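Take a look at the structure below.
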Amino acid sequence: KNGIHTKNPPTPDFIFPQPTRLRYTTTSDGAAADGTADDSSMPLINFLEVKMFYGASTIPDETSNAVGLIMPKLKRYVELYGPGAIVFS
């Protein structure tokens, strides 16, 4: 309205109000975890990005499609918000 334009920073799907410990609920073989892991070994994250891309790992970074732009976007999120996580479904 006053001629000043500001650009909003990019935002991930979820930004946590405080660092949140990422906890795993299954082991690498799919068995239920027993919950005895030391929580301090689990990473703290500040944001979570969720993507629904099948085969995303087979597409090179920086291609001109949504999958190829994931890594540059995530790098920007880390610069702005610190460590985070991405979930592919």
Side-chain angles (χ1 to χ4, degrees):
K1 293 179 181 181
N2 60 6
I4 299 174
H5 299 282
T6 59
K7 187 175 180 181
N8 292 328
T11 55
D13 293 318
F14 300 95
I15 300 174
F16 301 116
Q18 61 189 25
T20 301
R21 188 137 338 256
L22 183 62
R23 299 194 69 183
Y24 302 94
T25 58
T26 60
T27 61
S28 61
D29 65 358
D34 62 10
T36 59
D38 177 13
D39 277 352
S40 66
S41 68
M42 303 297 181
L44 287 170
I45 60 171
N46 299 310
F47 72 88
L48 182 67
E49 181 74 351
V50 180
K51 296 293 181 197
M52 198 167 80
F53 294 139
Y54 178 77
S57 64
T58 64
I59 299 174
D61 288 350
E62 299 180 18
T63 57
S64 61
N65 60 42
V67 174
L69 298 175
I70 291 172
M71 287 308 293
K73 181 187 286 190
L74 291 176
K75 288 176 185 176
R76 181 72 175 136
Y77 290 165
V78 171
E79 289 173 6
L80 292 169
Y81 306 109
I86 184 168
V87 175
F88 287 97
S89 63

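Quantities reported herein were computed from a predicted structural model and do not represent experimental measurements.
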Original post:
Do the side chains of Leu80 and Leu44 join up, straight or via other hydrophobic residues, at under 4.5 Å, putting them in one cluster?
Top reply: no
Subject >> same_hphob_cluster(Val87, Phe16) at 4.5 Å side-chain heavy-atom cutoff >> reply: yes
**OP:** State whether the side chain of Thr20 and the backbone N or O of Gln18 hold a donor-acceptor pair below 3.5 Å, judged by distance alone.
**Re:** yes
**OP:** Look only at the side chain of Tyr77 and the backbone of Thr11, and say whether a donor-acceptor pair between them is shorter than 3.5 Å.
**Re:** yes
**OP:** Sequence neighbours left out, what passes salt bridge (Lys or Arg N to Asp or Glu O under 4.0 Å) with Lys73? Give chain and number order.
**Re:** none
Please set out all donor-acceptor pairs under 3.5 angstrom arising from side-chain atoms of residues 45-53, sequence neighbours excluded.
from  : atom 1 : to    : atom 2 : distance (Å)
Asn46 : ND2    : Tyr81 : O      : 2.8
Glu49 : OE1    : Asp13 : N      : 3.0
Glu49 : OE2    : Lys51 : NZ     : 2.9

Original post:
Going by heavy atoms in the side chains, are Leu74 and Ile86 under 4.5 Å from each other?
Top reply: yes
